[in-house]
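Please read the structure below before turning to the comments.
Naming: A, B, ... by sequence-line order, numbering from 1 per chain. Note that the structure is a prediction, hence the values are computed from the model and not measured.
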There are 2 protein chains.
Amino acid sequence: MPATRPHLDRDLKRKQILDAAEYLLLRSGYEATTMARVAGRAGVANNAVYWYFPSKDELLAAVLRRRQEQALARLPTSVATAVEEQILAMLAQLDEVANLTATVHERAEHSTAVAEMHEAFHSAADGLLRRLFRDAGLDETDASQAAKVMMALIEGIHLHERSRDSAARDDLVLWTLQRLAPNRPTADAQALPAASTTAMN
Amino acid sequence: MPATRPHLDRDLKRKQILDAAEYLLLRSGYEATTMARVAGRAGVANNAVYWYFPSKDELLAAVLRRRQEQALARLPTSVATAVEEQILAMLAQLDEVANLTATVHERAEHSTAVAEMHEAFHSAADGLLRRLFRDAGLDETDASQAAKVMMALIEGIHLHERSRDSAARDDLVLWTLQRLAPNRPTADAQALPAASTTAMN
DNA sequence: GCATTCTCTTGACTTTCGATCAAGACCGAT
DNA sequence: ATCGGTCTTGATCGAAAGTCAAGAGAATGC
């Protein structure tokens, strides 16, 4: 009988390719990250990548899926943390992949793999945000709306590379947060009542 | 001496190519809109397009620039119109090019033509929105923040094709508007009863 | 009329990149 | 040692953006 050769160091090679792809994608973007460059950086032949990932889009999806898992594990374990802090932590995490925001949405229109990864991401993020807004005192309906707004806001911000000014970006998110969930339980600073139109900045 | 031949029907041909490109881009997206298909639809040879537009990205930029001009001319001439109505009109305009949102931001990273067009668009839109929020009673600082939020929100929404449910999309924008500019002068009752509590998708 | 000179058109070509294929190298089990 | 599956590779394809050289067409100067 034949010998079914085990998958050897498949996982290791796979990881090396993922690392190479992530490195290149985050620095050079999708287009400049050719499969040849990924292979070169991972130390394999040009087309060996296709043995591990069926297409460039699946590779992109795999890179982002891995990042998402890592990011989720690294987020503050809520409960005790202030809502602002949690949202800013989320923003910071997504910041690192900001220059892939446009790419992901563009590729999701062509690749079901990217679309599914993206869908899963949004599902997770939406759940997280909804819970945050519930904790901040919104009812289920408002929390759902606020979560959608916050997600769209973050993605909209990340579409523009020029938002390199992270302070202004954080400011914008906090400014919005204050208006979407004005009366939070946490008595940090003054949660100004909706009547007052004065800005906080 | 030579005869400097005038530009003949340059503008007409240019318009035909723009029309063909717009038709294809809005329906099939950037990738499926090959220069060959644009040329075919416009009734010229494959590479004749390059006589009128130096590159595919410049063609994309030209298409969107033209649309922007048309859209600006078609927007309600403000003043008397309610803020909600104006924002929704803007949203509806952008809706028609929603499936190019991701593409534009992706291409802007590679093409200065697209980047400049996009920059001009944002400048115009930001001015418009800032004025709207000023009219709605916000001070300059808040109006500037609100304009940024609203723009990011709209782009964030348009990133996702699934927001085909325009009612839910309008709902989300109005819900946000109410929180960003709560005490508006216009006493058109509440154009948005908070009762529109239905969640979307 | 007719050649000149510029505007525009075209088919053929180059280059780049994602993806495929056939052939074989490697290795573990029998 | 040999068989069969796992992996690797060089060669190659197909599509699409963009280039090039040659030429068609028309308006002006003669």
Side-chain angles (χ1 to χ4, degrees), chain A residues 1-18 20-21 24-25 28-63 100 103-104 106-114, chain B residues 1-18 20-21 24-25 27-63 103-104 106-114:
Chain A
M1 280 297 257
T4 161
R5 188 186 184 199
H7 275 201
L8 240 62
D9 50 327
R10 186 165 179 81
D11 289 348
L12 175 65
K13 271 280 172 62
R14 207 185 133 90
K15 182 181 174 306
Q16 288 174 347
I17 292 175
L18 274 176
L24 292 171
L25 280 171
S28 325
Y30 182 81
E31 198 171 280
T33 301
T34 69
M35 295 300 260
R37 285 186 64 195
V38 171
R41 187 171 176 84
V44 299
N46 281 359
N47 42 356
V49 180
Y50 287 97
W51 183 257
Y52 297 92
F53 301 93
S55 74
K56 186 177 179 180
D57 284 320
E58 297 246 16
L59 178 55
L60 170 68
V63 165
L100 289 180
T103 297
V104 168
E106 152 81 10
R107 295 315 304 167
E109 294 168 19
H110 304 312
S111 154
T112 63
V114 176
Chain B
M1 280 304 255
T4 163
R5 188 188 183 196
H7 274 200
L8 240 62
D9 51 324
R10 184 164 181 82
D11 289 348
L12 176 65
K13 269 281 171 62
R14 207 184 132 92
K15 182 182 173 307
Q16 287 174 346
I17 293 175
L18 274 177
L24 292 171
L25 280 171
R27 277 165 188 74
S28 325
Y30 181 81
E31 197 171 279
T33 300
T34 70
M35 295 299 259
R37 285 185 64 196
V38 171
R41 187 172 177 83
V44 298
N46 281 358
N47 41 357
V49 180
Y50 287 97
W51 181 257
Y52 297 92
F53 301 93
S55 74
K56 185 177 180 180
D57 284 320
E58 299 246 14
L59 178 55
L60 170 68
V63 164
T103 298
V104 167
E106 153 82 10
R107 296 314 305 167
E109 294 168 19
H110 303 314
S111 153
T112 64
V114 176

Could you list the donor-acceptor pairs under 3.5 angstrom formed by side chains in residues 53-60 of chain B, with sequence neighbours left out?
unit_1: B:S55; atom_1: OG; unit_2: B:D57; atom_2: N; d: 3.4
unit_1: B:S55; atom_1: OG; unit_2: B:E58; atom_2: N; d: 3.2
unit_1: B:K56; atom_1: NZ; unit_2: B:Y30; atom_2: O; d: 2.9
unit_1: B:K56; atom_1: NZ; unit_2: B:T33; atom_2: O; d: 3.0
unit_1: B:D57; atom_1: OD1; unit_2: B:Y30; atom_2: OH; d: 2.8
unit_1: B:D57; atom_1: OD1; unit_2: B:R107; atom_2: NE; d: 3.0
unit_1: B:D57; atom_1: OD2; unit_2: B:R107; atom_2: NH2; d: 3.0

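- A heavy atom closer than 4.0 Å to some atom of DNA chain C occurs in no member of residues 31-40 of chain B.
- A:L12 has its CG atom 18 Å from the P atom of D:dT6, to the nearest Å.
- Annotation for A:A39 and A:A45: closest pair CB-O, 3.4 Å, computed over non-hydrogen atoms.
- Proximity of residues 49-62 of chain B to DNA chain C (heavy atom under 4.0 angstrom from any strand atom) is restricted to B:W51, B:Y52.
- A:K13 has no side-chain polar atom (N or O) that falls below the 4.0 Å cut-off from OP1 or OP2 of D:dT6.
- Here B:R41 pairs with B:A20, B:Y23, B:L24 under the side chain to side chain contact (heavy atoms under 4.5 Å, CB included) rule; sequence neighbours left out.
- Distance A:Y30 OH to C:dC17 P: 13 Å, rounded to the nearest Å.
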Protein-nucleotides 12-14 of chain C N/O pairs closer than 3.5 Å?
unit_1: C:dA12; atom_1: N6; unit_2: B:N47; atom_2: ND2; d: 3.4

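- Smallest separation of non-hydrogen atoms from A:A32 and A:R37: O-NH1, 3.0 Å.
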- Read 5' to 3' with Watson-Crick or G-U pairs under 3.5 Å, [ ] for crossing pairs and | for partners on another strand, DNA chain D gives ||||||||||||||||||||||||||||||

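- C:dG18 atom P lies 10 Å from atom CZ of A:R107, rounded to whole Å.
- Of the candidates B:V38, B:L25, B:I17, B:V63 forms a side-chain contact (heavy atoms from CB on, under 4.5 Å) with just one, namely B:L25.
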